[in-house]
2 protein chains.
Amino acid sequence: MFLQADPYNMNCPSREILDLIGGKWAILIVCCLQQGPVRTGELMRQVGGISQKMLTQTLRNLERDGFVERISYPEVPPRVEYRLTDLGRSLSELARTMEQWVVANYATILDHRQRALETPSDHA
Amino acid sequence: MFLQADPYNMNCPSREILDLIGGKWAILIVCCLQQGPVRTGELMRQVGGISQKMLTQTLRNLERDGFVERISYPEVPPRVEYRLTDLGRSLSELARTMEQWVVANYATILDHRQRALETPSDHA
DNA sequence: CTGGATCCCACGCGATACTG
DNA sequence: CAGTATCGCGTGGGATCCAG
């Protein structure tokens, strides 16, 4: 977070990464590309529920930041593939780390949340 | 992400964690608490730019999910401290991992972004 | 000092229709 | 098939006022 600054603030470099990760689709797309290049339509299908707009928009951002490469074949009908760069693969590994953390701690979180519901604490 | 499902989707458990992390303030607060318990007002100051509302709201969520403990001293004027639980410390370690990733890759990202600006690619 | 309640805006995102 | 443009909503978040 580069959070050792004073004060801890929103203008640290990692904020952009957090926004990227926190975005609704970027991580899902990156994970879809882990196995190799994927065509646009196939991405649409693999990422369930994403709209055309968000797919393109997210891909553009990922491309701009160097996580994804766009490969356009000069054919008709058009054919486009997206594939992870080294940086993108690095990000996908970070995603796997986060996934492992979730796997390890998800039950604990749900459990605590459940008890919080049953015993609502009043902070008066 | 539990993303190995078919299709990759938004309804995986890790989504909640991504939302938490992607939220504007949660991670910053967790990092502030790494060194030990902190009082509310002190948190306000350490996390630059956060509003009262968001501070309280984020703390409530963190408390509900078991990342943070609220310690209220029966004094007047009131005094409240927040401190990380074991789960919270675990999350803060994940945050440090992410931070390290950013440190290692931030220059590359900025560089690529800069070149993308200079050489706008048209996906027509 | 801590924290709740309201009002309000920005923007992330979805739905739809349209081009090559 | 791939991508763009437009419209509209839901909600995350800020500002402000109020209470114990």
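Among the heavy atoms of the strands lying under 4.0 Å from B/Y82 are primed sugar atoms or P, OP1, OP2 only; no base atom is included.
Listed by chain and number, the residues in a salt bridge (Lys or Arg N to Asp or Glu O under 4.0 Å) with B/E69 are B/R83 (sequence neighbours excluded). By the side chain to side chain contact (heavy atoms under 4.5 Å, CB included) test, B/Q52 is found to be paired with B/M44, residues two or more places apart in sequence or in another chain being considered. Applying the side chain to side chain contact (heavy atoms under 4.5 Å, CB included) criterion to B/T56, with sequence neighbours excluded, gives B/R60. Partners of A/E16 by salt bridge (Lys or Arg N to Asp or Glu O under 4.0 Å), not counting sequence neighbours, listed by chain and number: B/R113. Checked against salt bridge (Lys or Arg N to Asp or Glu O under 4.0 Å), B/E118 has no partners two or more places apart in sequence or in another chain.
We find that CG of B/L59 is positioned 16 Å from P of C/dC1, with the value rounded to whole Å. Protein atom CZ of A/R60 is 18 Å distant from nucleotide atom C1' of C/dG12, rounded to whole Å. Nucleotide D/dA5 holds its C1' atom 17 Å from the NE2 atom of B/H123, rounded to whole Å. At whole-Å resolution of the value, CD in B/E81 and P in C/dC1 are 15 Å apart. Taking atom CZ of B/R15 as the reference point, atom C1' of C/dC13 lies 12 Å away to the nearest angstrom. Atom CD1 of A/I21 and atom C1' of C/dG12 are 18 Å apart (whole Å). If you measure from atom CG of B/N61 to atom C1' of D/dG13, you get 13 Å, rounded to the nearest angstrom. Across the protein-nucleic acid pair, A/Q52 atom CD and D/dC1 atom C1' stand 9 Å apart, rounded to whole Å.
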Show the distances under 3.5 angstrom between N or O atoms of the protein and N or O atoms of nucleotides 7-12 of chain D.
none

Shorter than 3.5 Å, N or O on both sides, protein versus nucleotides 18-20 of chain C: list them out with atom names.
none

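Comparing atom distances between the A/W25 side chain and each of D/dA2, C/dC13, C/dG4 picks out C/dC13 as nearest.
Here the side chain of A/S14 pairs no donor or acceptor atom with the backbone of B/E99 at under 3.5 angstrom.
Applying the under-4.5 Å side-chain rule to Ile, Leu, Val, Met, Phe, Trp and Tyr, the cluster around A/L117 consists of that residue alone. Using a 4.5 Å cut-off between side-chain heavy atoms of Ile, Leu, Val, Met, Phe, Trp and Tyr, A/I71 falls into a hydrophobic cluster with A/Y73.
Residue B/R39 has no polar side-chain atom (N or O) positioned under 4.0 Å from OP1 or OP2 of C/dC1.
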